[in-house]
S.K.: 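Got a structure here, written out as structure tokens. Questions coming.
Whatever order the structure lists them in is the order used to number ligands and atoms, beginning at 1.
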Amino acid sequence: MNLISIFSKYPTQESCLEHLETVRWGDNPTCPHCRSDKVARKNELDKVGRWNCHACKSSFNVLSGTIMQKTKVPLQKWFLAIGLMANAKKSLSSCQLARDLDVRQQTVGYMQTRIRVAMVNRERHLLQGIIEADETYLGGKPLLKFIKDNVEPAGSLLMTDEWKGYGGVKNFMQHAVINHSTAYAEGSVHTNTIEGFWSLLKRAWYGSHHHYGVPYTLLYVAEACWKYNERKNVDPFGGFIRGCFA
Ligand SMILES: [Zn+2]
């Protein structure tokens with residue numbers, strides 16, 4: 001969904017809440033604290049979107065447990081921030097987004113961190129099949145340990161460049177090497193896919209952020225991974241909103 005669609009489809013706090021309630025609960029609202037469906041909307045006009053749970057006597061809204069919980073920023077601005085970030089190939093600086101949304105930069109930084117946290121893939125599976133590995137200068141764990149921790153070696157083929165750090169790979173799995181001083185691909189052996197991902201990450205680095213603080217590096221990588229994995233999704237905004245409740 002592009003920005004114009006988000007802006008016109010969700011013009012108010014109420015319309016944003018209604019959309020989130022539909023995505024989260026469909027026709028069966030449930031209490032996020034005790035999972036009971038013995039719930040009812042509060043009637044007070046100043047409590048739009050709030051519900052009472054008759055089972056555990058708590059009060060809640062659809063944002064409970066999400067990145068937007070207890071936010072004071074209007075939900076339309078959250079929706080626009082998500083739409084802008086999801087569509088920005090080179091990522092967005094907090095200065096830029098603060099200007100776009102007319103929100104203080106500090107607040108936008110907080111929103112962006114939360115959006116990036118939601119982009120972290122929590123479903124961790126070992127990689128299988130044909131796998132490309134490559135290294136880029138960001139620092140991190142020793143590479144062999146990283147490969148052992150994340151790859152199912154049985155039946156898999158790891159494709160890398162000739163960097164000597166991969167020297168021990170052949171001891172535990174099939175390993176194909178492409179020597180970049182002579183060619184960038186030999187038949188189906190290449191590292192073009194992973195290098196495409198690095199270029200996405202580096203474009204965000206050079207184009208928008210200029211430097212990452214160490215504690216945030218994984219969040220910037222998570223954002224780049226999320227965008228890479230969603231690149232064929234026609235509605236990354238919708239995918240993100242659904243992911244908030246996954
Ligand atoms: Zn409850």
S.K.: Is His33 close enough to the Zn ion (ligand 1) to have an N, O or S atom under 2.8 Å?
M.R.: no
S.K.: Which word best sums up how the rings of Trp51 and Trp25 line up, parallel for under 30°, tilted for 30 to 60°, or perpendicular for over 60°?
M.R.: perpendicular
S.K.: Would you please classify the geometry between the Phe237 ring and the Phe79 ring as parallel, tilted or perpendicular, with 30° and 60° separating the classes?
M.R.: perpendicular
S.K.: Give, rounded to 10 degrees, the angle between SG (Cys34) and SG (Cys53) as seen from the Zn ion (ligand 1).
M.R.: 100°
S.K.: Do Cys53 and Ser59 touch side chain to side chain, with heavy atoms closer than 4.5 Å?
M.R.: no
S.K.: Does the shortest distance from the Zn ion (ligand 1) to an N/O/S atom of His54 fall below 2.8 Å?
M.R.: no
S.K.: Working to the nearest 0.5 Å, report the span between CG of Asn52 and CZ of Arg41.
M.R.: 12.0 Å
